[in-house]
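Working notes, beginning with the structure itself.
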Number of protein chains: 2
Amino acid sequence: MTQLLRIQNFNVSSDGIAAGEDQSLERPFGLDGPERLFSWAGATASWPMRTDPGGSRGLDDYLTRDYARNIGAEIMGRNKFGPQRGPWQDHEWQGWWGERPPFRTPVFVLTHHERPSITLSDTTFHFVDADPATALRLAREAAQGQDVRLGGGVTTIREFLDADLVDTMHVAVSPVKLGSGLKLWESPDELRDRFHLDVVPSASGVTHHLFWRK
Amino acid sequence: MTQLLRIQNFNVSSDGIAAGEDQSLERPFGLDGPERLFSWAGATASWPMRTDPGGSRGLDDYLTRDYARNIGAEIMGRNKFGPQRGPWQDHEWQGWWGERPPFRTPVFVLTHHERPSITLSDTTFHFVDADPATALRLAREAAQGQDVRLGGGVTTIREFLDADLVDTMHVAVSPVKLGSGLKLWESPDELRDRFHLDVVPSASGVTHHLFWRK
């Protein structure tokens with residue numbers, strides 16, 4: 001079985017922006033009202049952070065329910081893990097997700113500044129100073145035959161796209177224009193030379209973009 | 001966790017027809033060219049009967065890959081299991097699917113004519129003379145906490161819809177008109193009083209209809 005590298009439920013604005021320039025503790029995405037980008041996902045029955053029953057089970061739910069299917073490891077950039085930059089001042093920060101992170105697999109956090117691994121419930125964060133191909137090799141080994149999810153943020157996704165390591169990608173484009181910030185793309189058409197693309201409008205207002213390698 | 005009763009990848013024509021009146025060994029669906037209804041599924045990477053690598057990984061694949069997710073049992077009508085009618089003449093017929101049926105769970109075949117269970121690879125067929133609610137109770141128990149798939153055919157699905165036992169339903173409507181046969185519906189709008197409905201056109205030509213209970 002092929003071990004795919006998959007991007008799942010990544011959210012951008014209609015002008016391709018996934019995050020602001022100024023990330024902080026109070027603004028994990030560096031954006032005003034980031035829920036404008038991802039509220040479609042929270043409305044579904046399968047949203048990984050959902051704590052109450054209920055939620056929709058239509059098209060959007062097919063996307064969120066695929067988040068964990070056959071995933072054995074995640075790779076994320078340091079800026080997804082936290083707002084700190086440079087050497088770690090201490091090891092108190094353990095991510096945004098509290099004591100039960102939604103990943104539930106090994107997670108490889110890309111950083112030039114190493115620190116000891118952390119285990120929180122069934123998620124273990126490893127901190128690695130590695131290029132995309134090396135990080136993917138580590139994650140594949142940890143995934144034990146299952147697929148690897150590339151969790152973002154946007155800079156990390158662009159690096160892996162540039163290295164041509166991504167097999168499938170789901171991006172939800174929201175009908176909101178942000179103007180400035182970190183862009184995934186000018187247009188999804190940029191990727192059509194290497195990927196097939198299904199563009200699927202949802203009743204929730206987002207348009208799902210489903211890419212798979214040619 | 002709720003144990004859902006789910007219909008997955010059920011195929012009908014644009015005029016709502018899922019099967020012909022005259023099923024036979026040579027014509028399992030009683031239709032000329034039944035692949036006109038389901039070829040979209042065979043083109044996907046996750047089609048359960050796929051034996052070679054490859055296949056698409058876009059919208060249609062999200063539907064086929066959900067076929068087995070969290071399914072612990074199937075219920076099917078006798079006419080899905082085979083073309084025989086009335087008392088079983090012998091027990092030689094073991095279904096259409098050869099020695100490795102794609103179900104891989106207990107399967108409850110609804111029939112007024114009982115016969116011993118059959119195990120083929122990781123699928124076991126049980127033959128039960130039961131009304132829909134009783135069959136669902138048996139299947140839920142066998143599914144050990146997982147969901148139950150209602151596999152068809154069309155008559156069985158209509159019985160379970162009439163008994164209001166279906167939680168979610170995915171129907172792929174193909175752009176072909178058949179004129180006569182067994183109908184699932186005159187129009188999908190008939191179900192809107194009890195179900196939410198997402199109507200999702202696919203580049204393959206089919207239109208996915210995703211229902212979930214209100």
Side-chain angles (χ1 to χ4, degrees), chain A residues 1-9 40 43-46 50-71 146-147 149 166-172 188 191-192 194-214, chain B residues 1-9 40 43-46 50-71 146-147 149 166-172 188 191-192 194-214:
Chain A
M1 284 292 284
T2 318
Q3 274 186 292
L4 302 176
L5 181 64
R6 295 161 39 194
I7 295 164
Q8 304 274 148
N9 301 320
W40 69 272
T44 64
S46 304
R50 174 173 286 283
T51 50
D52 56 339
S56 65
R57 296 184 185 275
L59 172 65
D60 290 348
D61 196 52
Y62 275 81
L63 284 307
T64 57
R65 80 172 64 133
D66 209 47
Y67 177 77
R69 182 192 53 82
N70 197 41
I71 290 288
Q146 293 191 292
D147 292 342
R149 182 175 49 232
V166 175
D167 295 303
T168 69
M169 176 163 69
H170 161 229
V171 180
L191 295 168
R192 284 188 190 265
R194 287 187 285 149
F195 291 93
H196 301 278
L197 171 59
D198 275 353
V199 178
V200 188
S202 168
S204 63
V206 301
T207 302
H208 298 293
H209 287 61
L210 310 174
F211 299 84
W212 69 105
R213 191 192 281 279
K214 281 185 178 173
Chain B
M1 286 292 284
T2 319
Q3 273 185 294
L4 303 176
L5 181 63
R6 295 160 41 193
I7 295 165
Q8 304 275 149
N9 301 319
W40 69 271
T44 65
S46 303
R50 173 173 288 281
T51 50
D52 56 339
S56 65
R57 296 184 185 274
L59 172 65
D60 290 347
D61 196 52
Y62 275 81
L63 284 305
T64 57
R65 80 172 63 133
D66 210 46
Y67 177 78
R69 182 193 53 82
N70 197 40
I71 291 289
Q146 292 192 293
D147 293 342
R149 181 175 51 232
V166 175
D167 295 301
T168 68
M169 176 163 68
H170 161 229
V171 180
L191 295 169
R192 283 187 189 266
R194 288 187 284 147
F195 291 92
H196 301 279
L197 171 57
D198 275 353
V199 178
V200 188
S202 168
S204 63
V206 301
T207 302
H208 297 293
H209 286 63
L210 309 174
F211 299 85
W212 69 105
R213 192 192 280 280
K214 282 186 177 172

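Each chain gets a letter, A, B and so on, in the order its sequence line appears, and its residues count up from 1.
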Pick from B:Arg65, B:His196, B:Arg69, B:His208: which one has the most heavy-atom pairs with chain A under 4.5 Å?
B:Arg65
Partner chain B: residue of A:Thr168, A:Asp60, A:Leu210 with the largest heavy-atom pair count (under 4.5 Å):
A:Leu210
Scored by heavy-atom pairs under 4.5 Å with chain A, the best of B:Asp61, B:Leu197, B:Asp198 is B:Asp198
Flag the one option from A:Ala45, A:Pro201, A:Ser56 with the top tally of heavy-atom pairs under 4.5 Å to chain B.
A:Ser56
The test is side chain to side chain contact (heavy atoms under 4.5 Å, CB included); show your working for A:Arg57 and B:Leu4 and say whether it passes.
CA-CA 11 Å; A:Arg57 296 184 185 275; B:Leu4 303 176; 3.5 Å; yes
